[in-house]
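Structure, as structure tokens:
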Amino acid sequence: REAMRRISKFNVGKIEWVFMGHLVRGNRRKCWRHLRRMPELRHLKFTNHISGFEKNDWKNLAMKHNVVFLNMHKYCNASNSYDRLETVRLSSVLSFGALMISEPVNEVDTEIFKDIVIFEKNLFHSYSDWSP
């Protein structure tokens, strides 16, 4: 899997997590804060981009070494049913080969994007519970 191969080459001490979207919607701010406070992730740089980026800006960020994009659903999968993958929002960076980690999504999107996006069912649990 290409995504896993790329992440294995990262310099763990210099990873930047990027969320593209509004943190004020739903529970995202709470989930974002939770990730930033995890002891295992405190050394990472967390960045939030809402708007104002042009195509070349996204391309440069997506191709930058050690950048991981994060997909969080509005309510951080508080329900039992998984949301769809926000493909319109994420397509620009995915088209440039960005590495994306996402909460689980519905079965159809999981199948379509399984080799492009890393789906982590325990994203908001302790880091030690994450999938290998």
Side-chain angles (χ1 to χ4, degrees):
R1 298 187 18 114
E2 178 63 17
M4 294 306 287
R5 185 189 66 74
R6 285 190 56 213
I7 203 165
S8 69
K9 294 182 177 184
F10 276 25
N11 179 338
V12 178
K14 295 185 178 185
I15 292 177
E16 177 180 359
W17 275 36
V18 176
F19 175 67
M20 303 165 37
H22 295 277
L23 289 173
V24 296
R25 298 206 174 123
N27 294 336
R28 285 181 180 152
R29 186 174 308 282
K30 176 182 165 190
C31 298
W32 182 252
R33 219 173 325 180
H34 173 73
L35 288 171
R36 291 181 69 167
R37 290 180 178 160
M38 279 187 188
E40 303 92 342
L41 303 181
R42 280 192 196 146
H43 66 284
L44 304 181
K45 179 179 178 181
F46 285 79
T47 307
N48 176 227
H49 293 287
I50 297 172
S51 61
F53 262 45
E54 300 295 327
K55 181 180 177 180
N56 282 336
D57 297 321
W58 289 120
K59 181 179 181 180
N60 291 336
L61 187 59
M63 297 179 85
K64 187 175 161 186
H65 197 61
N66 290 330
V67 170
V68 177
F69 287 85
L70 173 65
N71 179 54
M72 292 187 296
H73 302 308
K74 186 175 180 180
Y75 294 103
C76 306
N77 274 342
S79 69
N80 291 332
S81 63
Y82 293 132
D83 289 329
R84 68 196 182 291
L85 187 64
E86 296 288 345
T87 54
V88 173
R89 181 166 45 98
L90 307 177
S91 64
S92 58
V93 294
L94 289 174
S95 71
F96 298 127
L99 180 62
M100 176 75 59
I101 295 179
S102 176
E103 294 182 78
V105 297
N106 63 54
E107 289 180 20
V108 173
D109 286 348
T110 298
E111 182 61 28
I112 293 170
F113 291 94
K114 67 183 177 188
D115 294 324
I116 301 170
V117 175
I118 297 170
F119 296 103
E120 178 52 61
K121 65 182 177 188
N122 295 320
L123 188 60
F124 299 108
H125 297 236
S126 171
Y127 178 77
S128 61
D129 292 334
W130 286 12
S131 303

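Although no hydrogens or angles enter the test, the distance criterion places a donor-acceptor pair under 3.5 Å between the side chain of Asn106 and the main chain of Asp109. The closest donor-acceptor contact from the side chain of Asn71 to the backbone of Glu103 lies at 3.5 Å or more, if one exists at all. Between the side chain of Asp83 and the main chain of His73, no donor-acceptor pair closer than 3.5 Å is present. The backbone N or O of His22 lies less than 3.5 Å from a partner atom in the side chain of Arg28, making a donor-acceptor pair.
Residues Gly26 and Tyr75 approach most closely at CA-CE2, 3.5 Å, considering heavy atoms. Here the shortest heavy-atom pairing between Trp17 and Ile101 reads CZ2-CD1, 4.4 Å. Across Val18 and His49, no two heavy atoms sit closer than the pair CG1-CD2, 3.5 Å. A pairwise comparison of heavy atoms in Ser102 and Leu85 identifies OG-CD1, 3.8 Å as the closest pair. Between Phe69 and Trp58 the shortest heavy-atom distance is CE2-CZ3, 4.1 Å. Closest non-hydrogen pair, Phe119 versus Pro104, comes out as CD2-CA, 4.4 Å.
Two residues are said to be in side-chain contact when any heavy atoms from C-beta on lie closer than 4.5 Å; Glu86 and Met20 fail this criterion.
Cluster membership check: Val108 shares its hydrophobic cluster with Leu94, using side-chain heavy-atom separations under 4.5 Å among Ile, Leu, Val, Met, Phe, Trp and Tyr.
The structure places CD of Glu16 at 9.5 Å from CG of Asn66, a figure rounded to the nearest 0.5 Å. Going from atom CG of Leu70 over to atom CG of Asn48 covers 10.0 Å, rounded to the nearest 0.5 Å. The CZ atom of Arg36 sits 11.0 Å away from the NZ atom of Lys45 when rounded to the nearest 0.5 Å. Rounded to the nearest 0.5 Å, atoms NE2 (His65) and CD1 (Ile15) are 9.0 Å apart. Here the CE-CG distance, from Met72 to Leu123, works out to 8.5 Å after rounding to the nearest 0.5 Å. The structure places CE of Met63 at 11.0 Å from CG of Asn56, a figure rounded to the nearest 0.5 Å.
Asn60 is linked by a side-chain contact (heavy atoms from CB on, under 4.5 Å) to nothing, counting only residues two or more places apart in sequence or in another chain. Looking at residues two or more places apart in sequence or on another chain, you find no salt bridge (Lys or Arg N to Asp or Glu O under 4.0 Å) involving Glu107. In this view, Arg37 satisfies the salt bridge (Lys or Arg N to Asp or Glu O under 4.0 Å) rule with no residue, not counting sequence neighbours.
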Test Arg84 against Val105 for side chain to side chain contact (heavy atoms under 4.5 Å, CB included), laying out the working first. CA-CA 5 Å; Arg84 68 196 182 291; Val105 297; over 6 Å; no
Between Leu61 and Val93, does a side chain to side chain contact (heavy atoms under 4.5 Å, CB included) hold up when you go through it step by step? CA-CA 8 Å; Leu61 187 59; Val93 294; over 6 Å; no
Check the pair Trp32, Phe46 against ring-ring contact (aromatic ring centres under 6.0 Å, His included), reporting the backbone distance first and the verdict last. CA-CA 9 Å; Trp32 182 252; Phe46 285 79; 5.3 Å; yes
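Annotation: Arg33, atom CZ; neighbour count of heavy atoms from other residues, nucleotides and ligands within 6.0 Å is above 12.
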